[in-house]
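What follows is a set of notes on a single structure, which appears directly below.
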Amino acid sequence: MNIHEYQAKELFSSFGIPIPEGRVATTPAAAEKIATELASPVVIKAQIHAGGRGKAGGVKRAASPEAARAAAAELLGRTLVTHQTGPAGKIVHKVLVERVAAVKTEIYLGITIDRTQRVPVIMASPAGGMEIEQIADESPDKIFKEWIHPEIGLRPFQAYRLALKLGLDAAETRAVAQVITALHRVFVDKDCLLVETNPLIIDNNGAALALDAKINFDDNGLFRHPDIVALRDPAEEDPLESAARKSNLNYVKLHGNVGCLVNGAGLAMATMDLIKLAGAEPANFLDVGGGANEDMIEQGFSLLLSDPDVNAVFINIFGGILRCDILARGIVAAVSRRSVDVPVIVRLEGTNVEQGREILDRSGLHFQRANDLAEAAALIARAVQEVAQ
Amino acid sequence: MNIHEYQAKELFSSFGIPIPEGRVATTPAAAEKIATELASPVVIKAQIHAGGRGKAGGVKRAASPEAARAAAAELLGRTLVTHQTGPAGKIVHKVLVERVAAVKTEIYLGITIDRTQRVPVIMASPAGGMEIEQIADESPDKIFKEWIHPEIGLRPFQAYRLALKLGLDAAETRAVAQVITALHRVFVDKDCLLVETNPLIIDNNGAALALDAKINFDDNGLFRHPDIVALRDPAEEDPLESAARKSNLNYVKLHGNVGCLVNGAGLAMATMDLIKLAGAEPANFLDVGGGANEDMIEQGFSLLLSDPDVNAVFINIFGGILRCDILARGIVAAVSRRSVDVPVIVRLEGTNVEQGREILDRSGLHFQRANDLAEAAALIARAVQEVAQ
Amino acid sequence: MSILVDENTRVLVQGITGREGRFHTEQMLAYGTKIVAGVTPGKGGQQVAGVPVFDTVAQAVAETSPTAAMVFVPPRFAADAILEAADGSIKLVICLTEGIPVHDMVQVRRYLDIHAVKLIGPNTPGVISPGKAKLGLMAGYIHQPGPVGVMSRSGTLNYEAVHQLSQRGIGQSTCVGIGGDPIIGLSFTDILELFAADDQTKAVVLIGEIGGNAEEEAARYIGAGFPKPVVAFIAGRTAPPGRRMGHAGAIVTGASGTADAKIAALETAGVKVVPSPADIGAAVAAVM
Amino acid sequence: MSILVDENTRVLVQGITGREGRFHTEQMLAYGTKIVAGVTPGKGGQQVAGVPVFDTVAQAVAETSPTAAMVFVPPRFAADAILEAADGSIKLVICLTEGIPVHDMVQVRRYLDIHAVKLIGPNTPGVISPGKAKLGLMAGYIHQPGPVGVMSRSGTLNYEAVHQLSQRGIGQSTCVGIGGDPIIGLSFTDILELFAADDQTKAVVLIGEIGGNAEEEAARYIGAGFPKPVVAFIAGRTAPPGRRMGHAGAIVTGASGTADAKIAALETAGVKVVPSPADIGAAVAAVM
């Protein structure tokens with residue numbers, strides 16, 4: 001789960017990380033008021049769940065309250081397209097109005113899980129303000145890392161050792177070491193997958209200040225953090241994806257026209273690969289997961305049918321935890337509520353497969369049965385051709 | 001560092017451990033008022049830093065507010081002698097007035113550091129209400145233990161496994177497991193050497209309730225816990241010991257007449273042994289420690305001289321971290337401020353011993369020099385005999 | 001032979017009284033797996049399909065001496081269950097639970113390493129040595145005993161591969177789902193080491209997917225002299241970059257986690273990588 | 001020979017720029033100890049008595065390859081310093097600091113065990129192999145090279161024992177203060193194992209005190225066949241029970257920690273236990 005920059009900054013601040021003075025506004029008038037109160041040049045930052053806002057024109061400076069109002073007016077309601085939003089972009093509903101800081105030095109700090117070492121890793125770079133991937137490409141020798149020993153956690157000597165590599169003076173090094181320690185507490189205490197501040201700056205007074213803040217939470221850990229769940233912004237989510245999430249389905253909207261319902265993320269990805277190899281494009285990724293019940297299957301199938309782009313559906317199930325009879329009942333329930341006017345190809349195998357097939361056979365649903373993936377690929381290719389004609 | 005039962009209970013409560021309703025009173029009238037407000041039979045418990053209060057008459061029941069007043073009047077100002085106070089006893093300045101609980105089951109729970117395993121150990125026993133030493137003597141099979149893996153901390157399965165051994169029903173077992181988990185958090189979060197509730201009871205409604213609470217904090221960890229330091233009750237401490245503590249000296253008043261000033265706890269204890277073998281009794285334990293400076297030595301020596309019981313002093317120093325020259329300067333400073341009318345025996349060895357001896361020799365202090373422990377023992381024996389004559 | 005589990009494996013099922021735990025206990029018993037005990041706190045003294053249930057792992061261990069534990073408990077309690085199994089000196093734990101917080105797994109994995117406990121998963125369909133023992137969720141009937149070791153990050157793709165093999169009459173020595181989470185127990189490389197030493201295994205199928213670098217590590221290991229033929233399929237070649245596709249494992253980050261990078265690494269190591277998931281069976285038949 | 005430290009030991013001093021760190025660095029250099037580096041955060045680039053100072057252990061290790069670290073830093077930073085030394089792959093750490101919170105040491109000791117790092121202390125005067133190297137606070141001049149290994153929980157009592165030996169012309173192989181805190185690194189038993197294997201050591205002096213059960217454990221180990229004569233003294237026979245006498249170690253709790261219990265256990269194991277601290281030297285002379 002992602003949150004907005006302003007929310008991440010508030011969280012940072014509650015862990016003792018210094019952030020610029022500022023507030024969020026949803027109207028140009030509110031932005032002007034904040035700028036007046038700050039009595040300083042301000043920066044106006046579009047609040048959407050995507051990086052790359054600066055390059056896309058989502059960050060503006062304003063020297064006066066009037067200019068702040070104008071900048072906010074320009075951003076609010078506008079659709080911002082960055083390299084992370086996809087071509088549809090995202091609508092700006094909120095802007096963050098902040099006091100402009102006097103930047104002396106820009107630093108990158110980030111914490112994530114290193115899957116190879118199986119522990120958290122803290123990354124720091126004096127090349128702040130750039131994307132970490134870009135730093136890694138262009139100057140990998142400027143990325144410094146500390147791995148956490150889970151049995152003792154981050155230790156002060158590590159925070160200091162890492163900060164020391166950034167080439168700062170003694171007081172600045174101590175300030176950055178403190179920010180590193182606090183960032184790590186955010187990372188651990190809030191079950192994060194990523195915590196990042198880029199740039200963390202040293203200002204003209206030698207103080208550290210997080211000019212940006214990005215947090216990605218582990219969805220699996222959210223049950224421990226009702227305070228974080230409360231920060232969710234439904235406006236940032238695709239409506240179909242939100243509906244899917246409410247049903248505990250893992251759904252990602254894509255740009256093709258063959259809807260697919262699969263159990264297991266690996267098989268779901270392989271199914272997308274198969275659809276492509278058959279000359280078609282998947283309309284979505286939908287993993288109903290291992291623990292799916294009838295309701296979830298029904299929801300998932302209805303979701304596919306409600307996507308106007310879908311003109312063929314491929315159900316590909318290899319029953320394990322998810323039993324084929326449950327799958328079949330869910331499909332039947334969905335079909336009983338709405339008409340199905342696109343071809344449906346079904347490939348069913350695994351636990352309780354006989355019952356599942358029997359239930360589908362008796363359901364009155366018109367579908368094409370594939371006995372294996374090769375057959376399924378052929379049926380998909382044919383269905384797509386027929387639709388195209 | 002120790003705190004009162006009522007303070008420990010408040011701390012327990014802040015960690016979610018249920019405690020009986022009650023408040024502390026310093027006057028009989030206040031005790032009556034609390035009993036009136038509780039509108040229930042109450043128990044009146046003398047608040048001193050020592051166990052064994054029940055047997056010593058420090059805990060009384062009162063069925064009415066008037067009886068509560070009378071019981072408080074009897075306890076407040078009285079000197080209570082328990083097996084932990086020493087023969088001098090302790091004066092009761094406060095009483096805790098609590099609602100009487102309906103006890104169904106009494107349990108012992110305690111957490112301390114197991115020095116052999118080098119990890120915290122949680123102990124539980126269904127033989128609650130007895131001293132743990134007594135349970136260990138009389139029914140060792142009724143003490144159950146869980147050791148903590150420091151790399152992962154106390155885990156729920158351990159708290160449950162331990163609670164399960166107490167022979168309670170399912171809901172009670174869960175309640176006790178929760179108390180175990182919370183007690184462990186107190187133990188770790190507050191740098192404790194001992195956390196104990198004895199008894200923890202199950203009341204008639206099946207709820208767990210800590211009827212008693214005992215905490216001993218690690219003095220070395222107090223710098224992290226100003227909230228705990230604020231709970232210190234100077235009335236509970238020997239004035240000489242308090243003065244010593246303020247000077248960072250480790251002083252324990254004893255009942256003999258040979259004062260001793262030593263560096264190192266081991267040598268200090270060995271010095272006491274030596275005094276006893278020489279036919280005398282040590283007046284104190286005083287370890288000036290390795291990091292002692294001139295001031296601390298001066299304070300320590302003055303402390304000895306201010307004890308009216310002392311009629312001979314033995315200074316036994318083997319310099320290591322503490323250099324002999326520093327020791328000597330401290331002694332000289334103390335002597336320059338007050339007359340010394342008791343025999344002083346000095347045994348000096350170790351780092352900078354030559355400078356130390358020279359400083360003492362030139363100080364004008366009359367003292368007897370011992371070249372080794374055997375000589376020191378002989379000099380002590382003679383000094384004690386002379387005083388006795 | 002076979003690896004990890006066989007007819008002598010004595011299994012403890014944690015969370016045996018839950019819906020899935022109960023269902024799969026029955027399925028595994030029907031397959032012939034030797035399930036000796038179950039654990040559910042508060043349910044000690046009950047039986048599930050004739051298997052005695054205990055309140056704690058310690059009790060189950062004392063009474064029934066299991067050699068492997070299977071964890072069926074819900075995500076928020078699963079880390080604790082794994083640690084309880086390890087604390088009970090069980091040296092092989094198979095955790096089927098999906099959705100365990102990754103920070104829990106950081107702690108768990110480290111603890112298991114310190115105490116030399118092997119973990120399969122979490123978020124795995126489990127392990128099966130066909131004809132000997134099934135410790136997992138897979139449909140037993142699709143498997144046949146034979147010479148091919150199968151390992152994958154994905155559950156259902158694992159079944160797919162096995163199904164294609166069995167359809168061709170090619171049996172399996174052991175099939176292992178290593179799990180789809182960011183932090184898992186045994187890796188492809190660990191399993192390859194076991195397959196290398198296993199007489200029964202004559203070839204290996206590796207089913208990978210985008211994200212992480214488990215496949216790249218496996219490729220390095222194979223390239224350094226793995227003695228048996230390996231066939232691989234990598235799922236997610238057509239997944240758009242930067243979108244999360246179900247497994248936390250399947251986030252494409254940087255060049256190292258892409259399908260192309262993985263395929264290139266495997267091919268360099270001499271692995272036969274098939275482009276379509278429909279071709280796995282045929283490719284194995286070709287190398288046998 | 002000798003144990004733990006000798007003329008080849010390359011020493012890193014953590015907290016070298018502090019008052020005690022500086023003083024004892026000079027003393028140790030004067031004794032001939034090979035001190036190769038010091039560490040104090042923020043003081044990198046300075047020198048102390050000709051020894052280069054670094055900001056971090058990692059830098060010091062990279063530049064000077066120390067084989068042992070000595071920790072002189074204040075109590076609230078000492079645990080971190082020990083961990084930094086261990087993190088730098090230094091396999092012997094001697095921590096002189098007194099007053100480290102016991103919960104810090106629980107974590108530290110566990111981490112060192114996992115990473116196979118030997119710790120002496122904390123709250124120890126250190127280790128000296130007379131004539132070879134002094135890694136500690138003890139006055140060097142009281143020591144002589146020779147055949148007796150000395151170990152104790154108390155610093156100054158250790159000096160006392162050594163002094164009595166040297167006065168009689170009996171030298172020492174290595175003298176080890178194991179530290180007086182509740183949680184320490186190497187125990188009496190660990191040191192005895194080292195002395196058992198050391199050719200130079202012909203007899204051992206054990207200086208114990210009330211509290212804990214380190215002496216009882218040592219007695220069990222000696223009783224099981226320790227091949228050299230052992231002389232012991234236990235301090236605190238006259239200490240009143242239940243009072244804290246300086247070392248956290250010296251709280252008498254239960255029967256096992258009393259001087260009488262320790263003396264009985266040692267005597268049963270064949271150890272010569274002397275009643276007065278003045279008699280240690282004579283007793284050793286008698287067994288040589």
Side-chain angles (χ1 to χ4, degrees), chain A residues 84 86 113 115-116 118-120 133 136 148-151 187-188 191-193 218-221 223-224 250 252 254-255 262-277 281-282 285 287 289-291 316-323 349-353 372-374 376-377, chain C residues 20 23-24 27 75-76 96 98-107 109-111 114 125 136-139 142 152-160 163-164 167 180 182-183 207 209-210 212-214 217 233 235-240 242-250 254 275-278:
Chain A
Q84 289 188 2
I113 301 280
R115 294 170 58 149
T116 309
R118 295 174 228 101
V119 299
E133 291 86 352
I148 307 307
H149 302 274
E151 64 271 34
F187 184 75
V188 171
D191 273 294
C192 300
L193 296 177
D218 181 1
D219 290 344
N220 293 336
F223 70 88
R224 290 194 273 243
N250 197 334
V252 179
L254 301 169
H255 308 295
V262 192
N263 66 324
L267 188 59
M269 282 191 290
T271 301
M272 288 162 53
D273 294 345
L274 193 78
I275 291 169
K276 266 219 160 147
L277 287 168
E281 286 287 331
F285 168 94
D287 169 17
N316 188 13
I317 298 292
F318 214 121
I321 322 182
L322 172 62
R323 286 131 56 180
E349 200 58 67
T351 310
N352 293 7
V353 61
D372 59 31
L373 284 190
Chain C
E20 296 300 329
F23 174 79
H24 287 289
Q27 296 284 310
R76 64 182 72 183
L96 308 120
E98 182 178 353
I100 304 178
V102 67
H103 286 262
D104 287 6
M105 284 310 303
V106 168
Q107 294 283 336
R109 173 65 207 254
R110 185 81 185 109
Y111 182 84
I114 293 169
L137 317 168
M138 59 289 284
I142 63 171
S152 79
R153 279 160 71 184
S154 156
T156 42
L157 255 181
N158 204 338
Y159 311 159
E160 182 61 46
H163 187 60
Q164 291 181 24
Q167 294 285 73
I183 301 217
I207 314 281
E209 63 188 50
I210 52 174
N213 69 346
E217 283 180 11
F233 169 73
R237 277 214 298 173
T238 63
R243 300 304 300 269
R244 185 169 165 150
M245 293 289 178
H247 282 183
S276 165

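Across A:Arg118 and C:Ile183, no two heavy atoms sit closer than the pair O-CD1, 3.5 Å. The heavy-atom pair separating C:Ala235 from A:Met269 by the smallest distance is CB-CB, 4.0 Å. Residue C:Ser276 comes nearest to A:Leu277 through the heavy atom pair CB-CD1, 3.5 Å, listed as atom of the first residue, atom of the second, then distance. Heavy atoms only, all atoms of each residue included: A:Asp218 and C:Pro101 are closest at OD2-CA, 3.3 Å. Summarising the geometry of A:Ala374 relative to C:Ala278, their closest heavy-atom pair is N-CB, 3.8 Å, with the distance given to 0.1 Å. Between C:Phe23 and A:Thr351, the shortest heavy-atom contact is CZ-CG2, 3.9 Å.
Only the backbone of C:Ile100 comes within contact range of chain A, with heavy atoms under 4.5 Å apart. Heavy atoms closer than 4.5 Å to chain A are found nowhere in C:Tyr111, neither backbone nor side chain. Looking at C:Gln167, neither its backbone nor its side chain comes within 4.5 Å of chain A, counting heavy atoms on both sides. With a 4.5 angstrom heavy-atom cutoff, C:Glu20 touches chain A only via side-chain atoms. Contacts between C:Arg110 and chain A at a heavy-atom distance below 4.5 Å involve the side chain alone, from C-beta outward. Residue contact with chain A, scored on non-hydrogen atoms closer than 4.5 Å, involves the side chain of C:Arg109 exclusively. Neither the backbone nor the side chain of C:Pro75 has a heavy atom closer than 4.5 Å to any heavy atom of chain A.
Residue with the most contacts toward chain A among C:Met138, C:Arg237, C:Glu160, C:His24: C:Glu160 (heavy-atom pairs, distance under 4.5 Å). The choice from A:Glu281, A:Arg323, A:His149, A:Lys276 that makes the most heavy-atom pairs within less than 4.5 Å of chain C is A:Arg323. Contact count against chain C (heavy-atom pairs under 4.5 Å) is highest for A:Ile113 among A:Thr271, A:Ile113, A:Val119. Considering only heavy-atom pairs separated by less than 4.5 Å from chain A, the leading option among C:Asn158, C:Ile207, C:Asp104 is C:Asp104. Interface remark: of the candidates A:Gly221, A:Gly350, A:Gly319, A:Gly350 forms the most heavy-atom pairs closer than 4.5 Å to chain C.
Remark: A:Asn352 pairs with A:Asp325 by the side chain to side chain donor-acceptor pair (under 3.5 Å) rule, at least two apart or across chains.
At a threshold of 4.5 Å between non-hydrogen side-chain atoms, the residues C:Asn213 and A:Arg115 do not count as touching.
With rounding to the nearest 0.5 angstrom, the CG atom of C:Leu157 is 10.5 Å from the CZ atom of A:Phe318. With rounding to the nearest 0.5 Å, the separation of CG in A:Asp372 from CD in C:Gln164 is 7.5 Å. Here A:Glu151 contributes atom CD and C:Gln107 contributes atom CD; the two are 8.5 Å apart, rounded to the nearest 0.5 Å.
Checking side-chain atoms of C:His163 against main-chain N and O of A:Glu349 turns up no donor-acceptor pair under 3.5 Å.
Defined by atom type and a distance below 3.5 Å, a donor-acceptor pair is present between the side-chain atoms of C:Thr238 and A:Asp273.
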Using the rule given for side chain to side chain contact (heavy atoms under 4.5 Å, CB included), can you reason through A:Asn220 versus C:Val102, listing the C-alpha separation, both sets of side-chain angles and the distance that settles it, and then say yes or no?
CA-CA 8 Å; A:Asn220 293 336; C:Val102 67; over 6 Å; no

